[in-house]
Amino acid sequence: MAKCDAADSLILKIAVPVPLDRLFDYRPSELGNSAEFQRGARVLVPFGKRQCVGVVMGSANGSTLASRSIKPVIELLDNTPLLSALDLQLLEWAARYYHHPIGEVVATAFPTALRQGLPATLQCERYFAPTAAGRAPDVDLGRATRQKDLLRRMLSREPAWSAAELAGHKPALRALIDKGLVEPRMPDPSDGPVVLGAALAANPDQQAAIDAVGADLGRFAVHLLEGVTGSGKTEVYMQIIARTLALGLQVLVLLPEINLTPQLEQRFRQRFGVGIETFHSNLTDRQRQQAWLSMRAGVARILLGTRSALFTPLREPGLIVLDEEHDGSFKQQDGFRFSARDVAIARAKLLNIPVVMGSATPSLESLANVAQGRYRLSHLPHRAGNAKPPAFQVLDIRGKKLQAGLSEPLVTAIGAELAEGRQVLLFLNRRGYAPVQICHDCGWVSRCHRCDANLVIHAGIHKLRCHHCGYEQALPRQCPACGVGELQALGLGTERIEETLKELFAGHRIVRLDRDTTQCKGALEGYLQQIHRGDADIVLGTQMLAKGHHFPNVTLVAILDIDSGLFSIDFRGGEKLAQLIVQVAGRAGRAELPGRVILQTRHPRHALLHNLLSHGYRAFAETALSERRAAGLPPFGYQALLRAQAGNAGAPQQFLGAAIQCLTDFTQSGVQVLGPVSAPMVRRAGLYRYQILLQSDKRPALQRLLDFWVPRLADLREARSVRWSLDVDPLDLY
DNA sequence: AGCACGCCGACT
DNA sequence: GTCGGCGTGCTC
């Protein structure tokens with residue numbers, strides 16, 4: 001065979017996880033067969049002075065580079081590609097759409113273990129099932145009750161149990177394996193009933209939704225399931241999933257929060273006798289690797305995961321479910337800033353499968369897509385079991401005396417509810433004791449020296465803490481400025497409300513749920529169980545109360561301060577507040593115990609409140625959408641935000657100035673360029689932050705500008721002294 | 001992002 | 001005399 005020059009022979013195009021938006025050329029290897037290097041396989045390559053795990057994205061005959069500068073691949077890590085052609089197409093599309101380096105985008109598709117180059121081997125001992133001996137009716141386990149219980153449980157459900165489910169029964173499992181009654185065995189979708197638990201009887205609305213999505217199985221469609229809290233969205237998901245599984249297809253279920261996975265996982269395991277895996281940041285690298293590989297191999301049929309699970313390969317993709325689609329945590333807020341909701345839809349389109357998205361408070365983006373006929377809407381307007389929607393009451397607190405933020409009528413209402421032996425839920429979106437400490441004599445206030453923000457009093461741990469950079473210091477006893485003044489806590493946080501509630505309602509059990517009380521693993525579950533058992537009378541908390549959990553014995557919900565949300569600078573502030581109010585309100589009540597929601601405000605006649613409370617979320621959304629349309633804001637305009645930050649204010653300003661200069665050469669615009677301006681909080685964690693907002697009513701126009709702009713930004717010399725990032729479809733403009 | 005090279009201040 | 005500061009440049 002003739003020796004050929006490397007530059008004329010086959011060259012591999014490799015995606016390397018570095019922030020450089022290009023592929024790198026490599027020779028297959030010194031002697032290797034180039035046909036082995038398939039698109040989607042991982043390779044170990046020399047990169048500068050180090051080694052990187054890259055992914056084969058393609059090949060070419062020859063290279064534009066001098067052949068001597070092209071290095072050979074060190075090792076082919078996968079004999080079969082880990083990602084399919086469609087998976088790679090999705091990643092390539094996402095890299096282009098978000099203008100993010102391809103190597104980093106491809107890396108996000110892999111769990112950490114595979115990113116590090118570990119072998120892609122699926123452990124057999126992930127699943128266990130009773131053997132023929134274990135199935136025999138006359139198994140005698142004597143007095144080994146734990147083993148007996150475990151075997152009985154395992155026999156109750158086919159076909160196989162995952163290691164995760166059996167984690168709490170290791171000794172009994174070991175013993176059963178040693179006795180030959182249980183063996184490691186991969187589940188086979190054909191070896192047992194797929195649906196175990198009986199489906200609940202669907203009401204007509206649920207049935208219509210199930211049928212609508214069911215009719216679209218096997219083709220691309222987006223369904224928006226708008227269902228009030230407690231309307232049985234999960235049952236609809238499960239019945240559609242059952243149909244998908246019956247076709248021998250897999251399901252990807254995306255949730256906004258890790259907190260919500262355990263509950264749903266439990267319900268799914270009771271219903272479905274198939275391999276179910278979870279994928280979220282609370283799992284170990286190894287668990288995530290195994291979950292990923294199980295879905296890729298088709299061993300597991302359902303994956304429950306957060307944003308990071310979106311790119312998991314599916315052997316037989318059938319359906320994507322995305323719950324709480326309005327939730328902001330589907331948008332990645334650093335690095336590769338993708339929206340898992342939008343990319344999920346792009347993925348479904350590529351795979352030609354349907355997506356079902358659900359929410360009680362759909363995003364305005366999704367409602368606009370429904371109006372334009374791109375998404376199909378199914379509506380579940382009724383709560384299950386004839387539960388009535390909560391009654392809202394706006395409590396005007398102007399001029400009223402407040403006791404730690406609680407007005408007298410509210411205190412009375414809480415007392416009346418407690419006297420009836422019912423639970424009360426109080427919501428305040430501010431944790432800590434008080435948002436600032438102030439000296440009554442000299443006016444000193446507790447400021448963070450790294451951020452344009454106040455230090456928050458955390459009385460429980462005797463500290464002042466910055467919620468933006470994490471800085472903390474001991475709570476001063478004397479004024480650091482004048483040394484003599486009396487220090488006061490200004491404003492309210494959940495800790496302080498808790499203190500007041502303890503005085504006002506002594507003898508009642510109060511549970512506070514916020515990031516501070518639930519940061520410990522398992523703490524949230526513990527509190528939730530306590531509340532469900534009825535061992536709590538007053539539940540007090542922040543944001544996290546609005547998410548997913550239902551408190552059937554709660555009859556009164558109070559939102560202590562909505563005014564800060566009414567006058568947000570962010571154009572999405574109104575949408576977020578309306579969603580919050582509806583979501584918090586949805587936590588309460590059931591059929592025989594209707595809920596009541598009290599909102600304390602100094603703006604009882606505010607249009608948003610009036611519209612939302614008298615006419616409902618959809619009416620609010622209509623109004624908000626027409627305002628957005630008039631202003632050309634999303635979803636009627638498309639945005640991208642260029643951010644820059646550095647330790648001094650000059651560098652980001654100069655960089656953004658130069659970035660604007662680049663655009664003078666770009667004539668075919670149709671894009672508004674707003675800025676550079678400082679971020680609403682200029683200094684954060686010691687960095688000065690500035691930004692440029694781009695807006696256009698045509699997505700292609702914005703994309704054309706970014707195609708021109710982003711490569712040039714990377715080459716600016718001013719870019720070297722700042723950290724910059726581009727956010728396409730930003731959710732927060734700061 | 002890493003990781004090198006490269007030229008100027010306070011230390012065993 | 002050196003250790004180490006972060007500016008600058010490169011990665012197939």
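Everything numeric in this text was worked out from a predicted model, so none of it was measured. Numbered from 1 within each chain, the chains take letters A, B, ... in sequence-line order. Atom set for the values below is all heavy atoms of this structure, side chains included, hydrogens, waters and symmetry mates excluded.
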Do any side-chain atoms of residues 45-52 of chain A form donor-acceptor pairs under 3.5 angstrom with protein atoms, and if so which ones, sequence neighbours left out?
none

Which donor-acceptor pairs under 3.5 Å do the side chains of residues 711-720 of chain A make with protein atoms, sequence neighbours left out?
unit_1   : atom_1 : unit_2   : atom_2 : d
A/Arg712 : NH1    : A/Phe708 : O      : 2.8

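Aromatic ring centroids of A/Phe311 and A/Phe338 lie under 6.0 Å apart.
No engagement by A/Ile14 is indicated, since no non-hydrogen atom pair under 4.0 Å with the nucleic acid exists. At a threshold of 4.0 angstrom between heavy atoms, the contacts of A/Tyr26 are confined to the sugar-phosphate backbone, with no base atom among them. Contact annotation for A/Pro17: no contact, since no heavy-atom pair falls under 4.0 Å across all strands. Across all strands shown, A/Arg22 has heavy atoms under 4.0 Å from base atoms, whether or not it also approaches the sugar-phosphate.
Residues in residues 53-71 of chain A take part in no salt bridge (charged side-chain N to carboxylate O under 4.0 Å, His left out) pair, two or more places apart or across chains. Pairs engaging residues 633-665 of chain A under the ring pair (Phe, Tyr, Trp, His ring centres under 6.0 Å) rule: A/Phe655-A/Trp724 [sequence neighbours left out].
Chain A approaches DNA chain B over the interval B/dA1 to B/dC3, counting the first and last nucleotide 5' to 3' with an atom under 4.0 Å from its heavy atoms. Of all nucleotides in DNA chain C, those with any atom nearer than 4.0 Å to a heavy atom of chain A start and finish, going 5' to 3', at C/dG9 to C/dC12.
In this structure, the ring-ring contact (aromatic ring centres under 6.0 Å, His included) partners of A/Phe110, at least two apart in sequence or on a different chain, are A/Trp292. The side chain to side chain donor-acceptor pair (under 3.5 Å) test applied to A/Lys547 returns A/Glu257, A/Asp327, not counting sequence neighbours. Partners of A/His280 according to the ring-ring contact (aromatic ring centres under 6.0 Å, His included) rule, which considers only residues two or more places apart in sequence or in another chain, do not exist here.
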